[in-house]
There are 2 protein chains.
Amino acid sequence: MNGSGSPTLEEVAALAGVSRATVSRVVNGSPKVLPDTVAAVEQAILQLGYVPNRAARALVTRRTDSVAIVVPEPDSRVFSDPFFARMLSGVSRTLAPTPSQLVLLLEPAEADDQRLLRYLRGGHVDGAIIISHHGRDNILQELAQLPLPIVFSARPLGVDVPVASVDVDNVAGARTGVQHLLSIGRRKIATIAGPLDMTAGIDRLTGYQEVMKEAGLPAMVAYGDFTPDGGEQAALRLLDDHPDLDGLFVASDLMATAALRVLSQSGRRVPADVAVVGFDDSVLATTTTPKLTTVRQPVEQLGSRLAEILLAKIAGEEHTTAEIYDTELVIRDSA
Amino acid sequence: MNGSGSPTLEEVAALAGVSRATVSRVVNGSPKVLPDTVAAVEQAILQLGYVPNRAARALVTRRTDSVAIVVPEPDSRVFSDPFFARMLSGVSRTLAPTPSQLVLLLEPAEADDQRLLRYLRGGHVDGAIIISHHGRDNILQELAQLPLPIVFSARPLGVDVPVASVDVDNVAGARTGVQHLLSIGRRKIATIAGPLDMTAGIDRLTGYQEVMKEAGLPAMVAYGDFTPDGGEQAALRLLDDHPDLDGLFVASDLMATAALRVLSQSGRRVPADVAVVGFDDSVLATTTTPKLTTVRQPVEQLGSRLAEILLAKIAGEEHTTAEIYDTELVIRDSA
DNA sequence: TTGTACGCGTTATCAT
DNA sequence: ATGATAACGCGTACAA
């Protein structure tokens with residue numbers, strides 16, 4: 001026993017009557033150790049409750065067995081959206097059976113980008129997953145160029161080097177949603193789009209615009225910022241400008257919930273007067289009245305895949321492609 | 001430069017023309033270093049982009065500068081509730097200015113408790129925050145007895161040793177909510193309680209029962225599991241058993257949203273026919289129709305305080321008391 | 001004030 | 001198959 005209470009390799013070796021090296025081999029599953037020796041060592045490990053010292057190991061292997069999940073967003077919007085928790089859940093699920101631990105790097109207050117970059121460059125983690133929504137400054141570009149395995153949760157805006165990323169097909173998802181509104185007979189279809197400094201905002205708007213154009217219908221757009229407040233403002237503007245609209249495609253469930261409320265308060269029935277389609281299929285979608293018809297993104301799966309790719313990159317594989325996953329229309333009561 | 005690309009103390013020393021030890025002193029802010037020397041060293045550090053190797057440092061200091069946030073819940077309910085993200089945000093906020101990193105320990109699949117305990121005992125982190133909702137098995141008891149600074153996010157059920165914990169006054173919060181229903185003239189007040197293996201479930205029910213008893217009114221209770229589905233089932237049962245109820249106190253916003261929907265579908269108007277009060281003040285509360293009146297818990301603050309206490313314990317302070325924070329009634333449209 | 005020298009617990013190389 | 005032994009990068013008595 002050393003001072004800190006944890007037994008060391010040395011002590012296990014002494015108890016098992018072998019050398020440090022042999023114990024190390026057993027711990028790391030080396031094939032060339034006599035079964036008898038293995039048994040003796042394992043017995044000693046059990047008896048002492050030995051746990052390898054990660055710091056010592058990291059020092060020599062130059063691997064930390066930990067990966068970072070980075071949220072380089074100074075504002076707390078990320079947290080109010082259930083999206084983030086689902087992502088985390090997915091990442092964690094594929095990391096669980098590996099030795100890798102999840103280190104959370106958040107930028108809660110004013111952006112101290114240099115600190116973040118220093119940390120990532122300092123060899124404290126083996127790789128990083130970037131959950132970023134905005135193309136803020138050029139932090140994404142700097143992250144992309146780090147000499148460290150990195151994957152992005154969405155095609156990072158304004159980055160001109162090839163990166164690995166995982167995302168849903170936002171354009172196609174939006175198309176599905178708008179087409180559904182068309183298919184149930186709506187013609188005066190407006191959209192509440194997300195901010196244009198996020199790929200999700202841009203692409204979902206594009207999908208809406210494409211379908212409307214193909215149908216020969218005029219586009220009606222208001223912008224929100226993916227928050228309930230933003231959704232509310234946008235919905236009010238829309239009703240003001242186009243009181244006769246009969247369909248509404250909203251770029252996120254969080255904003256859609258607010259829109260539903262605004263519609264209801266304006267005396268409109270959903271879906272009878274105005275049919276509403278959201279985007280995400282978050283927990284929120286089933287808490288509204290009526291339940292929200294929405295475009296589901298498989299967020300947990302994205303997170304899971306993100307982790308898989310990162311692990312592969314850490315293992316040395318090249319990977320600089322954008323993986324795109326399909327969305328799925330979930331029809332409930334609002335459209 | 002060594003193989004990994006990061007410069008070492010040695011290289012900084014060479015460039016600055018001093019010894020390793022002196023550089024180390026500068027890095028760690030030792031007071032007795034000549035200003036000139038400090039300047040020279042800092043210049044060298046900057047020039048080389050030196051970052052201390054955390055593994056090497058941890059090896060000798062026996063501190064890891066990282067704390068764990070542990071969610072020993074095998075099911076994913078934690079993630080569907082915005083509560084968790086807010087907690088994380090609070091913890092992260094007070095950790096940000098410190099050197100400590102946040103390590104996330106989740107138990108996504110079947111509980112591998114021993115693995116978790118081994119990890120925590122292995123000196124990989126300096127301390128841990130336990131976010132636990134259930135009194136599952138005796139994992140909490142085992143955690144509480146670990147030779148490691150630990151704080152709990154709520155008074156842990158079934159633990160008979162003194163522990164440090166932070167929570168809101170759930171009894172008082174529930175009382176406030178129910179009293180509000182009384183104050184607006186409701187007399188047939190039911191509750192949707194949480195599960196009785198969580199302190200939040202028990203205490204909020206207690207608060208409800210106390211107030212009802214004091215008012216000489218009969219209690220009407222249905223149980224949910226803090227999910228929307230559970231809330232829906234409970235609401236249906238309640239309406240079935242007590243079709244004439246005019247007030248409803250729901251132990252969580254997530255369940256309350258479902259209850260609102262059930263009430264609406266049953267043809268009842270909220271708050272005209274039935275007034276509803278939730279608990280949490282999560283993002284959900286403003287997404288419903290009508291907006292939810294609810295008992296706010298300062299979740300970010302709890303997380304923040306949790307981190308503060310943990311840091312203090314790591315620094316050597318004793319701390320085994322339960323800190324209780326106040327809730328606040330947020331009156332919106334549902335009651 | 002600064003430098004020397006040792007030890008932290010592990011892996012990896014090289015003998016045996 | 002196993003055992004010495006040398007790194008890994010850093011902090012810190014102890015010396016100077």
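Chain A is the first sequence line, chain B the second, and so forth, proteins listed ahead of strands; every chain is numbered from 1.
One atom, CZ of A/Arg54, and another, C1' of C/dG9, lie 14 Å apart when rounded to the nearest Å. Straight-line distance from the CZ atom of B/Arg62 to the C1' atom of C/dG7: 10 Å, rounded to whole Å. Nucleotide C/dG9 holds its C1' atom 12 Å from the NE2 atom of B/His124, rounded to whole Å. Taking atom CD of B/Glu10 as the reference point, atom P of D/dC10 lies 9 Å away to the nearest angstrom. In this entry the distance linking CZ of A/Arg63 with P of D/dC8 reads 20 Å, nearest Å. Atom CG of B/Asn53 is separated from atom P of D/dA7 by 18 Å (rounded to the nearest Å).
In the helix from C/dT1-D/dA16 to C/dT16-D/dA1, the end axes, each obtained as the rotation axis mapping the C1' atoms of four pairs onto the next four within a five-pair block, lie 30° apart to the nearest 10 degrees.
Taking the side chain as every heavy atom from C-beta outward, B/Val67 and B/Val125 never approach each other to under 4.5 Å. A/Asp167 places none of its side-chain heavy atoms less than 4.5 Å from the side chain of A/Phe152. Residues B/Arg25 and B/Val41 have side chains not in contact (no heavy-atom distance under 4.5 Å, counting atoms from C-beta outward). Looking at A/Asn53 and A/Thr8, their side chains never come closer than 4.5 Å, going by heavy atoms from C-beta outward.
In this model, the phosphate group of D/dG9 is not approached by any side-chain N or O of B/Thr8 to a distance below 4.0 Å at OP1 or OP2. Look at B/Ser19 and you won't find any side-chain N or O under 4.0 angstrom from OP1 or OP2 of C/dT4. Using a 4.0 Å cut-off, no side-chain N or O of B/Thr22 falls inside it from OP1 or OP2 of C/dT2.
Taking each heavy atom of A/Ile69 and A/Ile131 in turn, the nearest pair found is CG1-CG1, 3.8 Å.
In this view, B/Arg121 satisfies the salt bridge (Lys or Arg N to Asp or Glu O under 4.0 Å) rule with no residue, not counting sequence neighbours.
Of the candidate nucleotides D/dT2, D/dC10, C/dG9, C/dG9 has the atom nearest to the side chain of B/Leu59.
Between the side chain of B/Thr61 and the backbone N or O of B/Arg57 there is at least one donor-acceptor pair closer than 3.5 Å. Side-chain N or O atoms of B/Gln141 include one that pairs as donor or acceptor with a backbone N or O of B/Asp160 at under 3.5 Å.
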If the sugar-phosphate is the primed atoms plus P, OP1 and OP2 and the base is the rest, what is the B/S/- string for nucleotides 11-16 of chain C, using protein heavy atoms under 4.0 Å?
BB----
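In the displayed structure, B/Arg305 atom CZ is contacted under 6.0 Å by more than 12 heavy atoms of other residues, nucleotides or ligands.
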